[in-house]
Each structure stands twice: as structure tokens, then as C-alpha cells.
Number of protein chains: 2
Amino acid sequence: MVTIADVAEKAGVSISTVSYAMSGKRSISPATRERVEAAIDALGFQPHQAARSLASSSTNVIGLQAPLRPGVDVHVVMEIVTGVVTQMRTRGYDILLLTGDDAHGIERVARGSMVDALLVMDIESDDPRIAALSQLEQPSVLIGLPAGRRNLPCVDFDFEGAGWMAVSHLAELGHKRIALLGSPEEVMTRHTSYADRRDRGFAEACASEKVVGSVHPCPAGADAVDALDAILAEDPSITGFFIHNEAALPHLVARLVELGLHSAEKPAVVALCPENVALSVPTLTESIAVPAFAMGTAAADAITEMLGGARQPGVRLIPPTLTTHER
Amino acid sequence: MVTIADVAEKAGVSISTVSYAMSGKRSISPATRERVEAAIDALGFQPHQAARSLASSSTNVIGLQAPLRPGVDVHVVMEIVTGVVTQMRTRGYDILLLTGDDAHGIERVARGSMVDALLVMDIESDDPRIAALSQLEQPSVLIGLPAGRRNLPCVDFDFEGAGWMAVSHLAELGHKRIALLGSPEEVMTRHTSYADRRDRGFAEACASEKVVGSVHPCPAGADAVDALDAILAEDPSITGFFIHNEAALPHLVARLVELGLHSAEKPAVVALCPENVALSVPTLTESIAVPAFAMGTAAADAITEMLGGARQPGVRLIPPTLTTHER
DNA sequence: CTGAAAGCGCTAACAG
DNA sequence: CTGTTAGCGCTTTCAG
């Protein structure tokens, strides 16, 4: 292994000069800098991160907890993760990936000083991890928005606004009775933060727009069709549909077309999903995009600010946009 | 921050005793061990990982490169990653996640001693990263199977066998002309290893079974339907379909049902996808499961062996299984 | 503008 | 069975 001492020797300078030449934390004469740089890539020197961490007490690593719980939208999770990784790399950080869904992994990596900060996904309205995060030395940012006092910075998509927007749009199209087909039962019962907020926005908008709305959990895949049929059996007067379930979406839309309830000419569906998912569904004419990648980069930006010393919590919500797809 | 010295003082022993009590690398009297353990959790001591790494020159971190390229099956990637993380945690390792698709990130983390080993996904038949990996001090395992000499350990699903199995089954059902609807164009042109092997198995089985097979790339989502229509327009005598494209699957199956070419009574489709994806498609009666989670754990096991000193490359392929779904 | 040297917190000889 | 101590490879004072 080639160390900073090898570089120093080769360049004919002291190791501190090499260190400073790399960090730029004090001025180095152009000539010296030149020789140091030449030595560095002649030897292929790469500083040992553990040594660096130990001396500087910072790791340049961010912990990212991305639990893969049942019912989550895989595309959304993946895109958020990619957004985080991509953005943090531009700032010189790597990502340590945790997949557990409790505070254990978080505490372990934080207390072992393996990370400079933590990013936590899939937040529940009343999330037990928040207390644990607050105890840590390292700053953290939630991707999601818990209920109640927000003592940690939060980044999320405005799901409440999206719920409201969907209703407004469907009402504008003339629909008087609207069903929200949302997340699977599991997601609802653990009160995943986005589901709660989406439902709230939906309900409030229905009241405001004077339309009748109903909220239904929705299983993934083909079973979703049965759920839809049951909903329509109970209330055949429903004509508008707000769908937020990536895995059920294609099946639901196909069924609605089959039933003659939805078509490009007579749209009855607003979907809430990543844009590429929406585009992959034929006859889906309008959707509100879940900007998953942007959520990841926004979270990365928030964490960067925390690392820079910012200390006020703060909530950032990315606003919803409705898109019409030409078919 | 509480250090090993604090623990030693509180327990009334030397720091080496504390260290050895934790690692078990030498015998400690029960009484001493007791006091050390008491001190450890009285103080909430957690060893500083960078210090540990520096002293022991091992990080207990594995680098996992999971490029999210266009056309990859997101569920498969996610499940493999989850399998890797889960399994490595049971062995005390954490995962550093890289999302780039070239050798840069790999070399950076390896040369900076940030990881003990590397796991690389989405391998192409002639993958440029292999040369880079071979240069590293750290061992590595490929999730995928490149063509040619295999100087690195490989773990994968037997896609060639799966291609063969699909054809045999469809031939058994009486199909004489079979279309393989596979990955999107991008995946084909970069010669992703699994696509090449699947196609080869498919072609060889067709020859052996004396059926006529044709291989078609297939776009994601709704566009897949157009591709299917075009294929059938060109050769209407095709009756059997082998589909390996998670994002196109529901649309293709729906279309085939619509055309009267597929039904539970007269099955014409074998899908290749994770089981939960298959289960989510109505009227899909048979599929070969891509055991993505198991691939992840198998890769983790292979890496563990490498870390244990194993040095022969070796290839492990998980065999395919055909499942019939009751509908 | 540059060097010398004191740690960072731990592991693993070495020495009882 | 336990203690002492020399590093691991950097960063960052302190001293020119």
C-alpha cells in the first residue's frame, strides 16, 4: 500500500505538505504543488479513508436507511436512492445502505462513527425512529413527513397537495363521486406518512369541491381488480378514480377501460406515480408525477446543509404537478 | 465520545483486556469479562470503526455496485440488493452502495481501503470492469456471468437453463412456433450477460425440440403491445410466448388474452420474473421464478468465502424452476 | 510557505 | 490470564 509518506519522500517534501496540498487548507507554492501532484499520480496514491476518518473525525459517508417493506412502490424507493447517491457523490460522499426498518442499524452505524449523517426513508406518521435519531451526535434528515412536532428536517413530496389536486381535476372533469385507490392494507395500517397525508388532502378537497369521495386500500397486482369490482358493486355511481398504487395501476386502468368507465375521450383516472410508470400504462391520460429522483437529490441537499452547520429543522415539500399524456 | 480507555478505567482493567474481551481472541476470566461487559453497556460504548479499521486493516464493509441502467428490472435489482444486505449483516458486514456503471467508483473505494471486498451487478458478456477488479487487492464477486475466461467468482441464476426450460415446456404444450419477448433494445445492445445466455438457451432448445423460435427485444410498458402486434403480423403462426420483461409482462399477457391466444385452459405463455411479479399478473399460469433474493444471499455467501481465504474463482448458477399458478 | 510531531481510538505483538 | 506499548495512515496544531 502506498502511503502519504511515500508521496512525501518522492516529492521531496514533508507529509504535512502533501496533506495540505491535497486539502488546500493552506497555501502551497505552485512548484511544490506540482511535484506533489506528480508524485501522487506517479505512485497512484489514494488516501486511506479510515486513517483520514480517525484523524479528522469525519467519514464522508452518509447512512441511508431504505427499508423494503411490503407494499412500498419499488420504483419510487429505487429512484429516491439513486437520487441520493448521485447527488451526494457530487459532494464527495458515499452511501452506506441500511435496509432494516427499526432504529438498531441507525444507532449502530452512528454510534460506531461510521457515518457523518443519516437519511431515513419510509417515515410513519408517528415514527419510533425519530426519537432515536434525535439522540445521535450526527445530524439526520427524514424523507417523509411525520405528524406532530417536527424536530428533524424533513424532505418530501407534497402528497397532501397531490390528493387535493387530483380531486380538483376530477371534479373539473365533471365527476361527482370519486374513489381513491391507494396503498395496500399494510401500508395503511402502519400509517405510512405519505398515505395519511394523501388521504387527508383527498378528503379535504372532496369537502371543498362538494364531491363525494371514498378512500380504499388496494392490494398489488391482479387482486386490485377484485377490489375495484367490489367498490363499484357497492357504489356504482362512482365515476372518478384517483390511483396511487404502482403495482395495481396497469390492472386497474385496464379494467376501467374494459368497463367503459375510462377512455382518452372521457378520462376518469388520475394516477399518482413516477412519470415513467405512468407512461408505461396505455390509455392513462393524466397523472401527478411522484418526483422520486428529485426527492432524493433534495434530501441530499438538506443533509449537506446540516453538515454545513445548519440547525433549524425545516420542512421542504416538492409541489405536485399534473401532466396530461398524449395518447 | 466514549472510548475503550473509558471502559478499561471503569472496569479496572487495561485497554487490551477490553479489546480482547470484545473480540474473544484470547481467554478472559469470567469475572473480568463480566466487569468489562458491565462497563461497556453502562457507558454505552461502541468501538470507533475507523480506529478499528486502521489498526486491523479491515473495514467490515462490502462495496456493492448496483447500476440502475435503463431497461433493468427494478424488482430484481432491489431484491438482489436486499438479499445481499440482509445476508452480509448476519456476518457483521455493512454495505456501501455504488450506483455508477463503470470502474471508477469501484477503484476509488477499493484503493481508499473503504471496503473489504466488492460485489458487482449487471455484468455484461464482455465487461470492462472485470479487468479493473482483477487489479485490486480486495477480492470480488460478480453477480452475473461474463463470457470467456472466468478469473473472478460468479454467482447468477441459470438463465440459459431457464431459456431451455421455457422452450421445453411450451413445446410440451404443443406449441410449434415460439417467440421470446425479452429485454429492451438497450439491454440487448450492451450484451447484458443474462440476456445473451437466455437467448442462447432458448435457441438451442428450439433446435433440440424442433420448434421454430424467434427472439425479439421488447420495450417496457404499453409499447410492448405494439411490438407484440408487429411480431404477430409478421408471423401469425406463432402460438407460444416466453416473456422476460417485468415492465411489459402485464400488458403483453393482457393483449394475448384479448387476442384469444392465451387462457388458463390453453396456456401459451411462460414468464421469467420474480414470483411476486408473476403472481400479480392475472391469467398468467406459468412462470420461471427469478430467485433474486436468493441470488443476493448466494453472492453474499461467495464473498464471505473469498474473505475467508478461498481463492479459486468458481461459478455458481441457481437452477431454474417452473411454477404453475392456480387461477 | 514548509516541517516536526502529537494525537485520533483501536488491534496485536510482546512481555510477563 | 492480564498489562504495556508500538504502530495503523492520516490531520492539524505548533514552530519556524
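In what follows, chains carry the letters A, B, and so on, assigned in the order in which the sequence lines appear, proteins first and then strands, with residues in each chain numbered from 1. Not measured: the values here are computed from a predicted model.
- Every residue two or more places apart in sequence or in another chain that forms a side chain to side chain contact (heavy atoms under 4.5 Å, CB included) with A:Ala300 is listed here: A:Gln87, A:Met88.
- Axis angle between the ends of the helix from C:dC1-D:dG16 to C:dG16-D:dC1, five pairs each and rounded to 10 degrees, works out to 40°.
- Residues B:His48 and A:Leu54 are in side-chain contact: their nearest non-hydrogen atoms beyond the backbone lie under 4.5 Å apart.
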Which donor-acceptor pairs under 3.5 Å do the side chains of residues 57-66 of chain A make with protein atoms, sequence neighbours left out?
unit_1: A:Thr59; atom_1: OG1; unit_2: A:Val61; atom_2: N; d: 3.1
unit_1: A:Thr59; atom_1: OG1; unit_2: A:Val61; atom_2: O; d: 3.4
unit_1: A:Thr59; atom_1: OG1; unit_2: A:Asp116; atom_2: N; d: 3.3
unit_1: A:Thr59; atom_1: OG1; unit_2: A:Asp116; atom_2: OD1; d: 2.8
unit_1: A:Asn60; atom_1: ND2; unit_2: A:Gly92; atom_2: O; d: 3.3
unit_1: A:Gln65; atom_1: OE1; unit_2: A:Arg129; atom_2: NH1; d: 2.9
unit_1: A:Gln65; atom_1: NE2; unit_2: A:Gly100; atom_2: O; d: 2.9
unit_1: A:Gln65; atom_1: NE2; unit_2: A:Asp102; atom_2: O; d: 2.9

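- Nucleic acid contact class of A:Thr32 (heavy atoms, under 4.0 Å, all strands): sugar-phosphate only.
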Should A:Leu96 and B:Leu97 be marked as a side-chain contact (heavy atoms from CB on, under 4.5 Å) after you check the CA-CA gap, both sets of side-chain angles, and the distance that decides it? CA-CA 6 Å; A:Leu96 195 75; B:Leu97 181 68; over 6 Å; no
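- Side-chain atoms of A:Thr192 never come within 3.5 Å of backbone atoms of A:Tyr194 as a donor-acceptor pair (strictly under, hydrogens ignored).
- The side-chain hydrogen bond (donor to acceptor under 3.5 Å, both in side chains) search around B:Arg316 returns B:Glu305, not counting sequence neighbours.
- Between the side chains of B:Ser29 and B:Arg33, no donor N or O sits under 3.5 Å from an acceptor N or O.
- Taking a 4.0 Å limit (strictly below) on heavy-atom distances, residues 1-13 of chain A reaches DNA chain D at A:Met1, A:Thr3, A:Ile4.
- Every pair passing salt bridge (charged side-chain N to carboxylate O under 4.0 Å, His left out) that includes a residue from residues 54-81 of chain A is listed here, sequence neighbours excluded: A:Arg69-A:Asp101, A:Arg69-A:Asp122, A:Arg69-A:Glu124.
- Between B:Ile303 and B:Tyr93 there is no side-chain heavy-atom pair separated by less than 4.5 Å.
- Shown for residues 46-54 of chain B: residues whose heavy atoms fall under 4.0 angstrom of DNA chain C, namely B:Pro47, B:His48, B:Ala51, B:Arg52.
- For the pair A:Asn60 CG and D:dC10 P, the computed distance is 15 Å after rounding to whole Å.
- Heavy atoms from other residues, nucleotides or ligands lying under 6.0 Å from CG of B:Asp126 number 12 at most.
- Along DNA chain C, the stretch of nucleotides lying under 4.0 Å from any heavy atom of chain A spans, 5' to 3', C:dC1 to C:dG9.
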Give every donor-acceptor pair under 3.5 Å between a side-chain atom in residues 7-15 of chain A and any protein atom, sequence neighbours left out.
unit_1: A:Ser14; atom_1: OG; unit_2: A:Ser16; atom_2: OG; d: 3.0
unit_1: A:Ser14; atom_1: OG; unit_2: A:Thr17; atom_2: N; d: 3.3
unit_1: A:Ser14; atom_1: OG; unit_2: A:Thr17; atom_2: OG1; d: 3.2

Would you mind writing out the side-chain donor-acceptor pairs for residues 132-140 of chain A within the sub-3.5 Å range, not counting sequence neighbours?
unit_1: A:Ser134; atom_1: OG; unit_2: A:Ile130; atom_2: O; d: 2.7
unit_1: A:Gln138; atom_1: NE2; unit_2: A:Ala110; atom_2: O; d: 2.8
unit_1: A:Gln138; atom_1: NE2; unit_2: A:Val115; atom_2: O; d: 3.2

Might you list the N or O atoms of the protein lying below 3.5 Å from N or O atoms in nucleotides 12-16 of chain D, with each pair's distance?
unit_1: D:dT12; atom_1: OP2; unit_2: A:Lys25; atom_2: NZ; d: 3.0

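- The line from CG of B:Leu142 to OG of B:Ser193 is 9.0 Å long, rounded to the nearest 0.5 Å.
- Inter-residue side-chain proximity for A:Thr297 and A:Val84 is flagged as unmet; no heavy-atom pair is nearer than 4.5 Å.
- The salt bridge (charged side-chain N to carboxylate O under 4.0 Å, His left out) pairs that include a residue from residues 80-92 of chain A are A:Arg89-A:Asp94, A:Arg91-A:Asp301, where partners are two or more places apart or lie in different chains.
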